[in-house]
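The structure appears below as structure tokens.
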There are 4 protein chains.
Amino acid sequence: MRTTKRHSRQEQLLLVSGKVFAKKGYHATSISDICKKANIARGTLYLYFDNKRDIFDTLIKQYISDMLSAITKFHSDQPLKPQFNKNVRAFIEVIIKNKDLTRIVASEAVGLDSEFDNQLIHFYATLVNYIEGALLLLKKSEEIPKTINAQLLAYSIIGLLKEVSYQWALDHGNLVELDPLLQNIRQFKLDGFMQFSGE
Amino acid sequence: MRTTKRHSRQEQLLLVSGKVFAKKGYHATSISDICKKANIARGTLYLYFDNKRDIFDTLIKQYISDMLSAITKFHSDQPLKPQFNKNVRAFIEVIIKNKDLTRIVASEAVGLDSEFDNQLIHFYATLVNYIEGALLLLKKSEEIPKTINAQLLAYSIIGLLKEVSYQWALDHGNLVELDPLLQNIRQFKLDGFMQFSGE
Amino acid sequence: MRTTKRHSRQEQLLLVSGKVFAKKGYHATSISDICKKANIARGTLYLYFDNKRDIFDTLIKQYISDMLSAITKFHSDQPLKPQFNKNVRAFIEVIIKNKDLTRIVASEAVGLDSEFDNQLIHFYATLVNYIEGALLLLKKSEEIPKTINAQLLAYSIIGLLKEVSYQWALDHGNLVELDPLLQNIRQFKLDGFMQFSGE
Amino acid sequence: MRTTKRHSRQEQLLLVSGKVFAKKGYHATSISDICKKANIARGTLYLYFDNKRDIFDTLIKQYISDMLSAITKFHSDQPLKPQFNKNVRAFIEVIIKNKDLTRIVASEAVGLDSEFDNQLIHFYATLVNYIEGALLLLKKSEEIPKTINAQLLAYSIIGLLKEVSYQWALDHGNLVELDPLLQNIRQFKLDGFMQFSGE
DNA sequence: TATGAATGAGAATTCATTCAT
DNA sequence: CATGAATGAATTCTCATTCAT
């Protein structure tokens, strides 16, 4: 059971680290900060992680894996909209459940090193791909106009969801009723709104 | 002429600093990094800026001021859609013109200290307010449904524009033809798309 | 025991710092200088003191407190001369025991900043006050002429004692027999000597 | 006449430098400080002095030379007390006239380098020698008791004069009437005062 | 002569990481 | 396992000095 104990200790430290990283950012967070919050000595942390970077990596990997396992690839042989609906909900749920990490992923995607950058770029590309794939299917079935740039729309959707989820989470804390949020998003007649003069 | 020379030097250093900050983030960027890129000695930087923080602040202030002077408040006694159109264009233009800074503003928004946070929070609130105000007017004139949460829609629009502009800029460099981008955005029948099964 | 160990380490560092400061002065002493003498790494010093200034302050406070607790206020209801005798001895003892610090107090009294200046100025004023008070009592009992400027005489005595003690300590090291020194001082028929021609 | 102009410029810069050095100390005084006070560019200073140290050296040499030319060696074939009287007055006059430099000489006698230290030590030794010499003559002529330690008494006198002059100058500024000061000093019946209990 | 922009050595301080206890 | 003292590389910032104009 030693392993279990060790494992749960690690989990606890990850939790604390995530909070501190989210609050102060990667660089401004010192090992001491984490240890103080976790009530352990500085040396102890190194029994559970190789180094500062290792903690951060573990957190990010966890987040990416959470997200990727929450959303599911679109299947062309099933109705698309329910799939899309489900994925949006899953996406937002992960964002909100991991508010701290979302902050980090969104803001510290930079400057650590290329290996880390690549992880996030790859993650982002995967997300975009999922959505783009769905949009292409919709184009094929003529549910959306052929003239639309699927990739750009994919970015739009991600940007929209990211911002809204993030702001919603900021305002409402963790106890969010997802449904009103989703209903509101669905109501946005953005295109209509943006069909400006002369169109 | 002296002032001009000094000023242009400062501009050059800001340009370089912006690039480096954008690439590596505030904390991971060392003064040496900037100086190397700018081909100057470390001491020279301090002839033009008080300290590292001062460089960053100047950049952010510049960006915020650029943005705020680019967009204009909505006037209820004039047709809203052209105004909105114009602002979206301006917003995107600034984002694309200042790709580097956008990265910074988007990612280092928090965690330096409260004085700095406040600047960005205030900036963001101003943006949201502009859009929200316009949306409320649209609600009143029943151009959009009353059930919509104007603030949330404002966030959506900003999130969408931010992400799309940023990604577009990444792919297409600085020389962006805005019109195809705008046309694409306008075409997004997001609401239709998101009126999922059963609705 | 932990506290004791930490404390004794601090004491050791103060001792070394005092010597180095005394030899080179505050500004010319670098943290590296102190660490080299103390055989520790530069970082280690910061485990015991906040910064260079903190080390210096601690030294000065120690010195002032040593001195102030060594000398005692004059009581008018007791014979003055033994009191004076005792205080002179105590004063000289502290000077000689803290030769290094005396150097610092004497030479870096001014110019660090006002907070620091104030400490020393206040200390000095206290010393002068003690002596001046005693002299005023002596005036009242007509043991010294009424025409004497008590403050100036106080300065004289302090200057004399300071210089003599300091030089004596320089020549004789720490192991000083105070009595011959005091006897010598007492013999100085300064006034007689200085009652120049014509008086 | 070029030389004259150059020379007077140097003089002016020395004056300014002396003030600044005296106020802030050698190390805390920056070349910029001096230049600002002198209303010249930083580069200009180096037309008149080799470096910062050179300015300081020049000042100290000036002071020492002033002092040494003010006081005169004692001559055994003339009455000693008038000579002593004259020298004390000269000594105090120089101290008061060069209050700024006195501060420096008294407090920055340290840490620059051994060459500088040696200068001051030699100067001090010279002073002590003068006085000691006079005292030895007085001993021989039995004007002071043979048991007195002439060197120690010399230190006493210097310490006393230094302190009193310095304090007096601090309180009264430059416009000092020397005579009341001297009268007071002469009145000090220090020895009588210090003939403690039992003597 | 005079200027002041540029330099770069050097100083203080921080902090991730190690290791003896 | 846990501790926390010690380390020293790296970072920011200062300032005497140089040199092209």
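Naming convention: chains lettered A, B, ... in sequence-line order (proteins, then strands); numbering from 1 in each chain.
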Just how far, in rounded Å, is P of E:dA5 from CZ of B:Arg6? 7 Å
Mind calculating the distance between NZ (B:Lys36) and P (F:dA10) to the nearest angstrom? 11 Å
Those residues that, when tested against A:Thr44, pass side-chain contact (heavy atoms from CB on, under 4.5 Å) (two or more places apart): A:Ile40, A:Ala41, A:Leu47, A:Tyr48
Using a cut-off of 4.0 Å on non-hydrogen atoms, how would the nucleic acid contact of B:Ile40 be classed: base, sugar-phosphate, or nothing? sugar-phosphate
Output all residues satisfying salt bridge (Lys or Arg N to Asp or Glu O under 4.0 Å) with A:Asp33, sequence neighbours left out; order by chain, then residue number. A:Lys24
Pick base, sugar-phosphate or nothing for C:Tyr48, based on heavy-atom distances below 4.0 Å to the nucleic acid. sugar-phosphate
How close or far is atom C1' of E:dA5 from atom CZ of B:Phe49, stated in whole angstroms? 15 Å
Nearest-Å distance for atom pair CD1/P, residues A:Ile55 and E:dC15: 15 Å
Could you pull out the closest heavy-atom pair between A:Leu13 and A:Ala38, with the gap in Å? CD2-CB, 3.7 Å
Of all residues at least two apart in sequence or in a different chain, which pass the side-chain hydrogen bond (donor to acceptor under 3.5 Å, both in side chains) check with D:Ser32? D:Arg42
Would you kindly give the CG-to-C1' distance between A:Asn39 and F:dA2, to the nearest whole Å? 13 Å
Counting primed atoms plus P, OP1 and OP2 as sugar-phosphate and everything else as base, spell out the protein contacts along nucleotides 14-21 of chain F at 4.0 Å heavy-atom distance: B, S or - for each nucleotide, 5' to 3'. B-SBB---
Is C:Gln10 close to C:Arg6 at the side-chain level, that is, under 4.5 Å between some pair of heavy atoms? yes
Would you check if A:Lys52 and A:Phe21 make a side-chain contact, meaning some heavy-atom pair closer than 4.5 Å? yes
Atom CG of A:Leu45 and atom P of E:dA16 are separated, to the nearest Å, by 10 Å
In whole angstroms, the gap separating C1' of F:dA6 from NZ of C:Lys5 amounts to 11 Å
What stems, by residue range, does DNA chain F take part in, given at least 3 consecutive Watson-Crick or G-U pairs under 3.5 Å? E:2-21 with F:2-21
Are C:Arg53 and C:Tyr26 side-chain neighbours, meaning at least one heavy-atom pair lies under 4.5 Å? yes
Backbone N or O of A:Ile95 within a donor-acceptor pair of the A:Thr102 side chain at under 3.5 Å? yes
Protein-nucleotide distance (C:Asp54, atom CG; E:dT14, atom P), rounded to Å: 12 Å
A:Asp54: which residues meet the side-chain contact (heavy atoms from CB on, under 4.5 Å) condition with it, sequence neighbours left out? A:Phe49, A:Asp50, A:Asn51, A:Thr58
